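The block underneath contains the structure these notes are about, expressed in C-alpha cells.
The figures here come from the full heavy-atom set of this structure, side chains too, leaving out hydrogens, waters and symmetry mates. The first residue of the sequence shown is numbered 1, and numbering continues consecutively from there. Predicted, not measured: the structure shown is a model, and the values here were computed from it.
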Amino acid sequence: MIQYSIAVCALLATTTTYAQIKDTTNSDPNLSKVVHVVTEYEPSISDANRINSLPQVEDTLAIKPTFKYPIVSKPIHPDFELTPINAAKMKGEPLTRLYRGIFTGGLGNYLSTLANLQLGSIRSKNMFMNAEFNHQGSFGDLKVDGTNQKATVSDNYMKLTGKRFIDKKEIYGSLGGKFDEFHTYGTPNALDFSNGNIALQYSTINIETGIRSLNLDSGAFNYNVKPHFELFKSKTDQETAVGIETEGEKIMGELSIHGLLNLNYYNGIDQTTDLLFNPFATIHKGKFLGKVGFASQLYAGGYSKFHLYPDMYAEYNVADNIFVPFAVCNGFSQWGGIAKLVEENPYLVPGTNAVPTSYNINVTAGVKGLMTSFVPYSMSATFSQVDNMHFFVPTNSDLSYLSISNAPYYTTINSATNVFNFHGELGYKKFEKLNITYKFDYFSYDTKDITKAYFKPSLVSTLNFRYDIQHKII
C-alpha cells in the first residue's frame with residue numbers, strides 16, 4: 001500500500017509540473033489566458049440585518065413641576081338701594097256660598113210627579129237647622145174589563161234635622177215621618193176594586209238623637225252615640241224598633257283603632273233582639289291602606305242565631321291614583337222585619353215576615369283609579385255565599401178577611417244562594433259644572449232550594465247626567 005501511494009503521488013506531481021511548462025509554439029506577448037468557470041460564485045458570508053430600534057437612555061431621576069397661583073383680591077363695594085314694599089296681607093280661601101233652599105221638580109208619563117224641597121240655615125258656628133219635604137208618585141188609572149181602576153202610587157216623607165255645637169262636641173237630632181199609598185190592580189176576578197179594598201197604606205215615624213265628639217287632635221279619642229226609635233204601621237201590622245248605636249275611634253300615627261257596638265230591639269210579628277260588635281284596625285302607610293277586624297252578630301228571641309264574619313280590606317296605590325288594586329273580604333246580616341220588606345215590595349200579604357238574611361262571606365277583587373285627571377273608573381268582581389236570601393213570589397191565598405180573593409199579593413220564600421256580581425263604573429268630570437257617571441252591574445244567582453231567583457234582575461245599568469247652571473238650576 002505504501003508503494004502504491006508513492007506511485008500515485010509521483011504521477012500527480014508529474015502532471016502538475018507538466019501543466020506549468022511554457023508553451024513556446026503559441027507565445028503571446030500580452031499573455032492571453034482563458035478561464036473556465038464550472039459553477040457560479042457562492043459567498044460563504046450571509047447578508048447582514050439592520051437593527052431598526054434606536055438607543056434609549058433610562059434616567060432614574062424624576063422631576064415634577066409645581067405651579068402656584070397667587071390670588072390678589074380687591075373688594076368691590078356696589079351701590080344698592082332697597083325699595084320698600086307694603087306688608088303682605090294673609091287672606092283665607094273664600095268659603096263656599098250657602099243657599100237657604102233648593103227645589104227639585106219633575107213630571108213624567110202616567111201622570112208621574114216628583115217634588116223635593118230642602119230648606120236650611122246659613123253657615124253658623126253654633127247651630128244648623130234643615131228641613132226636607134219629598135213627594136214622588138203616579139196618578140194614572142188602568143182599564144180592567146172596560147172600567148178604570150186605580151193604579152195610584154204615592155211616596156211622601158218629611159224630615160227635620162238640627163245640630164248644636166258645644167265645646168268640641170256636636171249634639172244632633174232628627175224627626176221624620178213617611179206616608180206611602182199603593183193600589184193592588186190587575187186581577188179582573190177580584191170581588192171589589194173599590195178604593196178602600198185595594199189601597200195599601202203605610203206610615204212610619206222615626207226619631208234619632210245623639211252626641212258626637214269633634215276633636216281635631218289626631219291622638220284624641222272620638223266617639224259617636226246615637227239612640228233611635230222607629231214606629232211602622234199599616235192596616236193590619238205594626239212594628240216598633242228601638243236601639244242605640246255607638247262608635248269609637250283612636251288614631252295612633254299610621255294605625256287607628258275603631259269599634260262599633262249596636263243594640264236593637266224589634267217588636268213586631270216576632271220579638272227579637274239584635275246585638276252587633278265590630279272591632280277593626282286600619283293602617284295607612286305610604287301607598288298601602290289596610291283594614292283587619294271581625295263582626296259578631298247575635299239574634300235572640302223570636303229568631304235566635306249567632307254569626308261571626310271577617311272584616312278585611314286592602315288597597316295599594318301603584319301609580320299615583322292611576323291604578324289602585326283592592327280586595328275585600330267581609331260578611332253581614334240584614335234584619336227581615338215587615339218594615340224592611342215593605343221598602344222592597346209594598347204589595348205584600350199582610351203579616352209577611354222573613355228571617356234575617358246572612359251574607360256569610362263576600363269576596364271582592366277589583367281595580368280603581370283615573371284614566372285621566374277627569375275620567376275616574378272602577379271595576380270589581382264579587383262572590384257572595386248567602387243564607388236565607390228571600391225572594392218575592394205571587395200568591396193566590398184566600399184573603400177573604402180583606403174582602404178580596406185572588407188578589408195580586410206577594411209573599412216571601414227563602415233559599416241558600418251563591419251570587420256572582422260584576423260591577424263597572426266610569427265617570428267624567430272635567431268641569432265643576434258637568435258630571436257624568438255610568439254604572440253597570442251584572443248578577444248571576446245559583447239558588448239551592450228553589451228553581452230560580454224570582455224577580456231578581458240580572459242586569460242593572462244606570463246613566464247619570466248632571467249640569468249645574470250658576471248654582472241655580474241643576
Only counting residues at least two apart or in another chain, list the ones meeting ring pair (Phe, Tyr, Trp, His ring centres under 6.0 Å) with Tyr445.
none
Among all residues two or more places apart in sequence or in another chain, which pass the side chain to side chain donor-acceptor pair (under 3.5 Å) test with Asp441?
Asn421, His423
Heavy atoms, side chains only, cut-off 4.5 Å: are Ile450 and Ile413 in contact?
yes
Tell me if a side-chain donor or acceptor on Ser358 pairs with a main-chain N or O of Ser333 at a distance below 3.5 Å.
no
For the backbone of Asn321 and the side chain of Asn317, can you confirm whether one donor and one acceptor N or O come within less than 3.5 Å of each other?
yes
Applied to residues 357-386, the salt bridge (charged side-chain N to carboxylate O under 4.0 Å, His left out) test, sequence neighbours excluded, yields Glu315-Lys368
Between Leu426 and Val375, is there a side-chain heavy-atom distance shorter than 4.5 Å?
yes
Ser121 side, atom OG; Met127 side, atom CE - distance, nearest 0.5 Å
6.5 Å
What's the verdict on side-chain contact (heavy atoms from CB on, under 4.5 Å) for Met389 and Ser415, showing C-alpha distance, side-chain angles and the deciding distance?
CA-CA 5 Å; Met389 175 173 277; Ser415 173; 5.9 Å; no
So, applying side chain to side chain donor-acceptor pair (under 3.5 Å) with Ser384, which one of Asn418, Asn362, Thr364 is it?
Asn362
Tell me every residue that passes side chain to side chain donor-acceptor pair (under 3.5 Å) with Lys305, counting only those two or more places apart in sequence or in another chain.
none
Mutual orientation of the aromatic rings belonging to Phe280 and His258 [parallel < 30°, tilted 30-60°, perpendicular > 60°]
parallel
Val386 vs Thr357 side-chain heavy atoms within contact, under 4.5 Å:
yes
Taking the side chain as every heavy atom from C-beta outward, state whether Thr273 and Leu275 have any atom pair closer than 4.5 Å.
no
Which atom names give the shortest non-hydrogen contact between Lys235 and Ala199, and what distance separates them?
NZ-O, 3.0 Å
Take Gln385 and Thr417 through the side-chain contact (heavy atoms from CB on, under 4.5 Å) test and state the conclusion after the steps.
CA-CA 6 Å; Gln385 197 278 320; Thr417 309; over 6 Å; no
Can you confirm whether Leu459 sits close enough to Phe443 that some side-chain heavy atom of one is under 4.5 Å from a side-chain heavy atom of the other?
no
Residue set satisfying side-chain contact (heavy atoms from CB on, under 4.5 Å) with Tyr316, at least two apart, ordered chain then number -> Lys287, Phe288, Val318
Could you report the tightest heavy-atom contact between Pro457 and Val460, atom names first, then the distance?
CG-CG2, 4.0 Å
Not counting sequence neighbours, which residues clear ring pair (Phe, Tyr, Trp, His ring centres under 6.0 Å) with Tyr99? List them please.
none
For Asn330 and Met312, indicate whether the former's side chain and the latter's backbone hold a donor-acceptor pair under 3.5 Å.
no
Examine distances only and state if a side-chain atom of His135 and a backbone atom of Leu114 form a donor-acceptor pair shorter than 3.5 Å.
no
Would you list the pairs meeting side chain to side chain donor-acceptor pair (under 3.5 Å) in which at least one residue belongs to residues 158-179, sequence neighbours left out?
Glu170-Arg212, Tyr172-Asn224
If you count every heavy atom of other residues, nucleotides or ligands that lies below 6.0 Å from Lys291 atom NZ, does the total exceed 12?
yes
For Tyr299, all residues meeting ring pair (Phe, Tyr, Trp, His ring centres under 6.0 Å), sequence neighbours excluded:
Tyr303
Determine whether Phe326 and Tyr313 satisfy the following criterion, side-chain contact (heavy atoms from CB on, under 4.5 Å), listing intermediate values before the conclusion.
CA-CA 7 Å; Phe326 63 92; Tyr313 176 85; 3.8 Å; yes
Looking only at non-hydrogen atoms, find the nearest pair between Asp449 and Ala416 and report the distance.
OD2-N, 3.2 Å
Could you state the interatomic distance from OH (Tyr428) to CZ (Phe374), rounded to the nearest 0.5 Å?
5.5 Å
Take atom NZ of Lys439 as the centre, draw a 6.0 Å sphere, and report whether it contains more than 12 heavy atoms from other residues, nucleotides or ligands.
no
For Tyr442, enumerate each residue passing the ring pair (Phe, Tyr, Trp, His ring centres under 6.0 Å) test, keeping only those at least two apart in sequence or located in another chain.
none
Working to the nearest 0.5 angstrom, can you tell me the gap between Leu261 CG and Leu276 CG?
7.5 Å
Any salt bridge (charged side-chain N to carboxylate O under 4.0 Å, His left out) involving residues 326-342? Give me the pairs, sequence neighbours left out, ordered by first then second residue.
Lys340-Glu344
Do Leu117 and Glu132 have side chains that get closer than 4.5 Å, going by heavy atoms?
no
Heavy-atom closest pair, residues Leu107 and Thr113
CD1-CG2, 3.9 Å
With sequence neighbours left out, what residues match Asn215 under side chain to side chain donor-acceptor pair (under 3.5 Å)?
none
Answer yes or no: is there a side-chain heavy-atom contact under 4.5 Å between Tyr467 and Ile473?
no
Minimum-distance pair of heavy atoms, taken over all atoms of Leu348 and Asn345:
CG-O, 3.1 Å
Apply side-chain contact (heavy atoms from CB on, under 4.5 Å) to the pair Leu160 and Met158, showing each step before the final yes or no.
CA-CA 7 Å; Leu160 303 177; Met158 63 168 292; 4.1 Å; yes
Among residues two or more places apart or on two chains, list those pairs meeting ring pair (Phe, Tyr, Trp, His ring centres under 6.0 Å) that have a residue in residues 201-229.
Tyr202-Phe232
Answer yes or no: is there a side-chain heavy-atom contact under 4.5 Å between Arg466 and Ile474?
yes
Applying the side-chain contact (heavy atoms from CB on, under 4.5 Å) criterion to Pro394, which one of Tyr454, Tyr410, Tyr347 satisfies it?
Tyr410
Working for side-chain hydrogen bond (donor to acceptor under 3.5 Å, both in side chains), residues Asp270 and Asn353:
CA-CA 8 Å; Asp270 290 329; Asn353 199 19; 3.1 Å; yes
Between Tyr266 and Trp335, what is the ring plane arrangement, given parallel below 30°, perpendicular above 60°, and tilted in between?
parallel
Contact summary for Asp180 and Asp155, nearest pair of heavy atoms
OD1-OD1, 2.7 Å
Approximate separation, where rounding is to 0.5 Å, of Ile207 CD1 and Glu230 CD
10.5 Å
Angle class for the Phe392/His390 ring planes (parallel below 30°, perpendicular above 60°, tilted otherwise)?
perpendicular
Taking atom OH of Tyr359 and atom CG of Asn388, what is their separation to the nearest 0.5 Å?
11.5 Å
Hey, are Asn278 and Asp311 close enough side-chain-wise for a donor-acceptor pair under 3.5 Å?
yes
